[in-house]
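As structure tokens, the structure follows; a few thoughts come after it.
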Amino acid sequence: MKQLLLFFLLSIPAVAQKSFLVKDTSTNEPIAYTSIFTENGTFKVNAEPDGGFIIPNEFLHEVFVFDAVGYETKKQTLTDIVLLEPNSEVLDEVVIVSMKQTKTLKIGQAKKSNFSYGTNAIAHTWSFGRFFPYEKNMEETPFLKEVKFYLRSEQKESTYGIRFYETDKEGFPVKLLHDELIVGKAKKGTKISTTDLRDYKILIPENGLLIVFEWINIKENYYEYSYVSEGKKHISKSYNPSLLAMPTDDYKRSFIKHNINDDEWKLMNTENTFFKERNSSKPYSVISCELTLTN
């Protein structure tokens with residue numbers, strides 16, 4: 001039976017819950033968008049821009065992991081205020097040079113697609129990455145200028161995170177290349193979202209680069225939608241935006257981390273049924289994104 005899908009936005013339902021804060025231990029400033037999840041990975045939320053976060057009562061006695069770019073990861077039971085230490089690992093010294101921006105090089109593609117990945121409000125805490133190998137023609141344009149994702153948002157604006165990793169020769173991440181979370185904004189509808197990267201002065205590494213898309217589980221991103229299937233109405237809870245994916249025959253550029261509490265990245269080498277049925281020559285999927293390099 002043809003499915004009728006009707007989206008509608010709702011506030012997060014009232015449940016028994018408690019509020020907390022996450023702050024920088026040295027400055028006492030809030031740490032926006034900190035990833036906060038149970039040690040076993042069964043629940044995840046992000047800190048709001050003011051550092052506040054809410055935990056349902058059923059998870060209050062769990063051990064939580066607090067993960068924020070630029071800070072030491074911390075594991076503890078909940079306290080009213082959670083303090084994080086700035087990361088003691090300093091990024092490699094960088095020789096500061098001015099960006100001429102007289103040349104650009106585009107790699108990858110951000111194309112519209114009928115297939116997308118989303119995240120469930122509780123159950124799904126996965127992340128997706130796309131590997132860009134280093135190639136000779138990148139030598140003259142080594143800086144990251146901007147990144148584009150093709151996204152779908154059900155709200156006026158939603159927020160997502162971006163991370164860039166140096167990789168080994170196979171494309172698996174080995175080192176984060178920036179000391180703060182890079183934040184992107186998706187407008188309502190299905191369209192390209194562009195994030196300017198020039199201020200971060202990131203150079204594409206010699207082994208290649210992994211771009212990781214990260215869902216941010218905050219109130220402004222939360223939505224519910226109803227759909228009818230086989231005569232029954234269903235309600236699903238999710239976070240914006242959805243991430244479009246394109247067909248590919250080269251799965252070695254597609255990476256997935258299934259659970260937020262697991263650091264193991266895997267190749268998405270399982271054939272995508274959606275694409276296989278429509279284009280048998282490209283049965284795998286890769287996230288829809290494009291990177292612009294400059295000199």
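Because the structure is predicted, anything quoted here is derived from the model rather than measured.
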Do the side chains of T195 and E146 get nearer than 4.5 Å, heavy atoms only? no
So do the side chains of I162 and V147 get within less than 4.5 Å of each other, counting heavy atoms only? yes
Check the side chains of Y71 and D24 for a donor-acceptor pair under 3.5 angstrom, ignoring hydrogens and angles. yes
Do T167 and E170 meet the criterion of a side-chain donor-acceptor pair at a distance under 3.5 Å? no
Tell me, do Y251 and P283 make a side-chain contact under 4.5 Å, heavy atoms counted? no
side-chain hydrogen bond (donor to acceptor under 3.5 Å, both in side chains) with S116: which residues, sequence neighbours excluded? R152
Exam field: side chain D179 to backbone G70, donor-acceptor pair closer than 3.5 Å: no
Show me the pairs that pass salt bridge (charged side-chain N to carboxylate O under 4.0 Å, His left out) and involve residues 286-295, at least two apart or across chains. K106-E290
Check whether S288 reaches the backbone of A245 with its side chain - one donor and one acceptor, N or O, closer than 3.5 Å. no
Do the rings of W126 and Y117 sit parallel, tilted or perpendicular, given the 30° and 60° boundaries? perpendicular
Scan for salt bridge (charged side-chain N to carboxylate O under 4.0 Å, His left out) pairs involving residues 54-66, sequence neighbours excluded, and state none if there are none. none
Below 6.0 angstrom between ring centroids: does that apply to Y223 and Y239? no
I want to check something: taking the side chain as every heavy atom from C-beta on, are P86 and S26 in contact at a cut-off of under 4.5 Å? yes
All pairs passing side chain to side chain donor-acceptor pair (under 3.5 Å) where residues 263-272 contributes a residue, at least two apart: E271-K276
Gap between atom OH of Y284 and atom CE of M268 - 0.5 Å precision: 12.0 Å
Taking the basic N atoms (NZ, or NE/NH1/NH2) and the acidic carboxylate oxygens, is any pair closer than 4.0 Å for D250 and K282? no
Between L60 and V82, is there a shared hydrophobic cluster once you connect ILVMFWY residues whose side-chain heavy atoms come closer than 4.5 Å? yes
Hydrophobic clusters join Ile, Leu, Val, Met, Phe, Trp and Tyr when side-chain heavy atoms are under 4.5 Å apart, directly or via other members; which others share one with Y150? I192, L244
Sequence neighbours excluded, which residues qualify as ring-ring contact (aromatic ring centres under 6.0 Å, His included) partners of F255? F172
For S158 and K185, which I'm curious about, is there any donor-acceptor pair between the side chains at under 3.5 Å? no
side-chain hydrogen bond (donor to acceptor under 3.5 Å, both in side chains) against S35, all qualifying residues, sequence neighbours excluded: N46
What distance separates L293 CG from F132 CZ, expressed to the nearest 0.5 Å? 9.0 Å
What residues, two or more places apart in sequence or in another chain, satisfy ring-ring contact (aromatic ring centres under 6.0 Å, His included) together with F20? F53
Would you say the side-chain atoms of D168 pair up with the backbone N or O of G171, donor to acceptor, closer than 3.5 Å? yes
Can you measure from OG1 (T292) to CG (L197) and round to the nearest 0.5 angstrom? 9.0 Å
Other cluster members, V65 - Ile/Leu/Val/Met/Phe/Trp/Tyr, side-chain contacts below 4.5 Å: F37, I260
ILVMFWY cluster, I218 and I54 together (side-chain gap under 4.5 Å): no
Is there a donor-acceptor pair closer than 3.5 Å between any side-chain N or O of W215 and the backbone N or O of P241? yes
Worked verdict on I216 versus L181 for side-chain contact (heavy atoms from CB on, under 4.5 Å): CA-CA 11 Å; I216 296 180; L181 181 65; 4.2 Å; yes
Between Q155 and K187 (side chain of the first, backbone of the second, donor and acceptor by atom type, cut-off under 3.5 Å), is there such a pair? no
With distance as the sole test, does H178 use its side chain to make a donor-acceptor pair with the main-chain N or O of F164 at under 3.5 Å? yes
Would you indicate whether the side-chain heavy atoms of Q101 and R198 approach each other to under 4.5 Å? yes
Distance check, rounded to the nearest 0.5 Å: T119 atom OG1 versus E214 atom CD? 11.0 Å
For residues E224 and S238, is any side-chain donor paired with an opposing acceptor at under 3.5 Å? no
Report whether L105 and I204 are members of the same hydrophobic cluster (ILVMFWY, side-chain heavy atoms less than 4.5 Å apart, transitive linking). yes
Ring pair (Phe, Tyr, Trp, His ring centres under 6.0 Å) assessment of F213 paired with F149: CA-CA 9 Å; F213 179 93; F149 293 95; 5.5 Å; yes
Heavy-atom side-chain proximity of F274 to S285 below 4.5 angstrom: no
Run T104 and F143 through side-chain contact (heavy atoms from CB on, under 4.5 Å) and show every step you take. CA-CA 9 Å; T104 58; F143 288 99; over 6 Å; no
Nearest 0.5 angstrom please: F115 CZ to T273 OG1, how far? 8.5 Å
F64 vs F66 aromatic rings, parallel, tilted or perpendicular, using cut-offs 30° and 60°? tilted
Just checking, any donor-acceptor pair under 3.5 angstrom between side chains of T38 and N40? yes
Does K219 offer a backbone N or O that forms a donor-acceptor pair with the side chain of E48 under 3.5 Å? yes
Nearest 0.5 Å, please: how far is CG in N217 from CG in N240? 11.0 Å
Beyond-backbone contact of K18 with D80, side-chain heavy atoms, under 4.5 angstrom: yes
Might you point out which heavy atoms bring L210 and G129 nearest each other, and give the distance in Å? CD1-C, 3.9 Å
Min side-chain heavy-atom separation E39-N261 under 4.5 Å: no
Under a 3.5 Å distance rule, please check whether K74 uses its side chain to pair with a backbone N or O of L83 as donor and acceptor. yes
Would you confirm whether N221, through its side chain, and T159, through its main-chain N or O, come within 3.5 Å as a donor-acceptor pair? yes
Residues which pass ring-ring contact (aromatic ring centres under 6.0 Å, His included) with F131, listed by chain and number, not counting sequence neighbours: none
Would you say I287 ends up clustered with I107 if hydrophobic residues are merged whenever their side chains have heavy atoms under 4.5 Å apart, either directly or through other cluster members? yes
Working for side-chain contact (heavy atoms from CB on, under 4.5 Å), residues Y200 and L144: CA-CA 8 Å; Y200 299 95; L144 306 191; over 6 Å; no
Working note: L177 + Y165, criterion side-chain contact (heavy atoms from CB on, under 4.5 Å); need CA distance, chi angles, decisive distance, verdict. CA-CA 6 Å; L177 294 172; Y165 289 88; 5.8 Å; no
If we ignore hydrogens and angles and just use 3.5 Å, is the side chain of K191 paired with the main-chain N or O of K188 as donor and acceptor? yes
Side chains of residues 133-142: which donor-acceptor partners sit under 3.5 Å, not counting sequence neighbours?
from, atom 1, to, atom 2, distance (Å)
K136, NZ, E139, OE2, 3.0
E140, OE1, K103, NZ, 3.0

Tracing side-chain contacts under 4.5 Å among Ile, Leu, Val, Met, Phe, Trp and Tyr outward from V286 reaches M246
Salt-bridge test for R163 and D67: reply yes if a basic N is under 4.0 Å from a carboxylate O, no otherwise. yes
